[in-house]
Structures are given as C-alpha cells and as structure tokens.
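Below is one structure, written out as structure tokens; the observations come after it.
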Amino acid sequence: DRVQILRVHGFVFFGSANALLERIRRRLEAAPPLWFLVLDLRRVSGVDSSAALGFVKAVRLAEANGFELVIAGASDRVREQLRRGGMGASDVVHFEPDLDRGMQRCEDGLLQGADAATAADRRASPDGADEMVSGMPPGLQRYLERVPLPAGTVLIRQDEPPDDVFVLESGRLGVELETPEGKRMRVRTIRPGVMVGEVAMYTGEPRSADVVAETSSVVLRLSRASIERIEAEDPELAGALHRWLATTLAERLRGTLTAVDALLD
C-alpha cells in the first residue's frame, strides 16, 4: 500500500499524459502516504513534447509530496525524449532497466528499517542466530559454520551438486539464473533469517540458480555431513531439524502459489 505501479503502453501524447497525472493525483489524495511511484515504460514507443511536460509535472509532485519516482524499462529513445522535454536530474527520480529492478529498489527502501530492527534484535539476543531465525531448533547452533562472504562472492552456482544448506545471518543475497538463451534473470532477494539451498538438499537435483552476495554478508552453513552426524548422535534434534526444513519448504510453496494466483488474476 506504499507502492503504486502504473504500466504505460503505446505512444504517449498530451491526453494520455494528463490521464496519467490525474491517476497520480488521485492516489496522493488517498491513504496511506505514497513512498514509491513506479512507471513501467517498457511498452512505450515514444513520448511527444507535451507529454514529456506531464512527466516533469510528475517529478514536481514527487518532490512536493515526498515520494520517489521510479521509471522502469524506458528505452534509450524514450529517455532521450524525456530529457529533451525537461526531465533533468533529480534526487527523487531513478531510472531502472526493467520493472523487476524497479521493484527491487522499492523493496530495498521498504525493508531498510526492517534490516535495522533485525540487527538490533540480534545485538540484544544472547543466542544470536537461534533467536534471529524463526523456528530454528534449539541446539542446532553448534553444528553451524559461520562463513563471511565479501560482496560479489558466489555462494551457490547453478547446476552444481547440492551439499549444503545456508541461513543468511547478515547482509543480502541475490538469486539469479541463466535462461537457455543465456540471459541473466534476478529471481529474488534473500534477507537475514532466510534459508537457501534446502530444496536441492532434499531432491538431490543440481542447484537451479546462482546465489550471490549482493553486499558483505555472513551465512550459517549446515553441511550434509553435519546433518548425517546429527541423525547419528541426536535423533530428537534430527527430527526437529527435518520438521523445520519441511515447514520452510511448505511456506515457500505457499508463497509461490500465492504469487501464481496473483499473476493469473
């Protein structure tokens, strides 16, 4: 409810630009306050001079009302037309190559405060990761290896065999995959407290995507050998561990189904 996404199609002229501005104004009159306005221009073929002035007015609305204008997917031609129409540099305007990157920018802004709260909770917690990660079985901490990752480090590579499960303790990870056509696609962002690698661990299939440290990060590594050791030494902890992993898988599946339903709608 803090993000408004408007997808614009075709050639933008005076009339369509005015209609766009009217939709923005109506949203600004509603509650709660807007933090991000995303204009997806991927399907825009061109912008005439009068319409470019409408985009300039949208920038002024952003400056006056304290929200950020994210322009996603604009071609070089459209960006040049906007520039010629008076849309210069501004602290409230950001261009992103596609809608996915635009939404990532919004996500980063919305979760910035959540990251700070998580860090504060961890500093206040004597148990560290046990308190940070929801549902982590007590006693598992001693089997985890703490691994620092400089920004840019590839934690998991697509098509590699599955050997470990990781929990992100701090920082941010990005999940990316390469399509058969060779195109790189960002799938999701992983934030502290989230597990990665558990699907391949259970299925035995090769890793389906790359996981890369987008910032300096720390992960907690649980190796296959450690899981086998837990199963041999502490069957009760092993049962709790597998229930935790199964619950995580079920929640992830539920989230995927919700996303599919939203796309179908």
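Just the heavy atoms: all of them, side chains too, but no hydrogens, waters or symmetry mates, feed the values below.
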Under-4.0 Å salt bridge between [X] and [Y]:
X	Y	result
E228	R224	no
E160	R207	no
D234	R229	no

If Ile, Leu, Val, Met, Phe, Trp and Tyr residues are connected whenever their side-chain heavy atoms lie under 4.5 Å apart, and connections chain through other members, are L6 and L99 in the same group? no
So if you build clusters from Ile, Leu, Val, Met, Phe, Trp, Tyr with side-chain heavy-atom gaps below 4.5 Å, do I5 and V70 land together? yes
Any donor-acceptor pair under 3.5 Å linking the side chain of [X] with the backbone of [Y]?
X	Y	value
R142	G139	yes
S223	D164	no
T153	L149	no

Side chains of [X] and [Y], heavy atoms from C-beta outward: is any pair under 4.5 Å?
X	Y	result
L220	M195	no
D210	L177	no
D108	R191	yes
E214	I190	no
V219	V167	no
F166	V147	no
L222	L241	yes
F55	L20	yes

Check: Q158/S208 side-chain N/O donor and acceptor closer than 3.5 Å: no
Check the side chains of Q104 and R101 for a donor-acceptor pair under 3.5 angstrom, ignoring hydrogens and angles. yes
Roughly how far apart are [X] [atom1] and [Y] [atom2], rounded to 0.5 Å?
X	Y	atom1	atom2	answer
T248	M136	OG1	CE	9.5 Å
R105	E96	CZ	CD	6.0 Å
D159	E178	CG	CD	9.0 Å
I24	L28	CD1	CG	7.5 Å
L249	H242	CG	NE2	11.5 Å
L39	I71	CG	CD1	6.0 Å

Taking all atoms of both residues into account, what is the closest heavy-atom pair of [X] and [Y], and its distance?
X	Y	result
S217	G171	OG-CA, 3.6 Å
F67	L37	CE1-CB, 3.7 Å
S45	F11	OG-N, 3.5 Å
P192	E169	CB-O, 3.6 Å
R2	L110	CB-CD2, 4.0 Å
C106	V38	SG-CG2, 3.5 Å

Are Y143 and L237 close enough, and set up right, to give a side chain to side chain contact (heavy atoms under 4.5 Å, CB included), and what steps lead you there? CA-CA 11 Å; Y143 294 96; L237 176 59; 3.6 Å; yes
State whether the number of non-hydrogen atoms from other residues, nucleotides or ligands found under 6.0 Å of E233 atom CD is greater than 12. yes
Does any pair with a residue in residues 22-43 pass salt bridge (Lys or Arg N to Asp or Glu O under 4.0 Å), and if so which ones, sequence neighbours excluded? R7-D40
Using the ring of F95 (Phe, Tyr or Trp, six-membered ring only), decide whether R79 places NZ or CZ under 6.0 Å from its centre and within 45 degrees of its axis. yes
Of V175, V212, V196, the one forming a side chain to side chain contact (heavy atoms under 4.5 Å, CB included) with I156 is V196
